[in-house]
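What you see below is based on every heavy atom in this structure, not just the backbone, and it leaves out hydrogens, waters and symmetry mates.
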Amino acid sequence: YNQRAFAEYLQFNYSAAIPLLDRAEALSPRHLGVLTGKALTFVALGDVEAAQEPLIKAVRLNPWLSERALLLEPLGQEL
């Protein structure tokens with residue numbers, strides 16, 4: 001599902017990518033590529049607020065992600 005979502009993302013079909021990413025996350029909730037892909041897809045849709053939840057999950061898994069810069073509020077040591 002993640003690869004299908006990525007193919008949709010590359011074709012700028014962001015709204016089709018979201019349900020695929022939801023399914024991929026349901027199957028593998030700690031999949032870093034799914035979480036960052038979901039966040040980036042929401043950002044591409046112009047919904048930075050919706051991107052925050054998957055971003056926080058992703059940063060908890062890997063605090064050094066470059067996508068961390070997309071967080072609206074910097075997160076401290078609690079991650």
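Inter-residue side-chain proximity for L32 and L65 is flagged as met; some heavy-atom pair is nearer than 4.5 Å.
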I56 and L71: side chain to side chain contact (heavy atoms under 4.5 Å, CB included), yes or no, with the steps?
-> CA-CA 8 Å; I56 289 169; L71 289 169; 3.8 Å; yes

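F12 and Y9 fall within a single hydrophobic cluster, where Ile, Leu, Val, Met, Phe, Trp and Tyr side chains are chained together by heavy-atom contacts under 4.5 Å.
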Using residues 13-25 as the side-chain source, report each donor-acceptor pair under 3.5 Å to any protein atom, sequence neighbours left out, with the distance given to one decimal.
from, atom 1, to, atom 2, distance (Å)
N13, ND2, E8, OE1, 2.9
D22, OD1, K38, NZ, 2.7
E25, OE1, K38, NZ, 2.6
E25, OE2, K57, NZ, 3.0

Show me the side-chain donor-acceptor pairs of residues 40-47 shorter than 3.5 Å, one per line, residues at least two apart or across chains.
from, atom 1, to, atom 2, distance (Å)
T41, OG1, G37, O, 2.7
D47, OD1, A50, N, 3.1

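Residue pairs meeting the side-chain hydrogen bond (donor to acceptor under 3.5 Å, both in side chains) criterion with at least one member in residues 27-37, sequence neighbours excluded, do not occur.
In this structure, the side chain of R68 does not engage the main chain of V59 through any donor-acceptor pair within 3.5 Å.
Minimum heavy-atom separation, A39 to L55: CB-CG, 3.5 Å.
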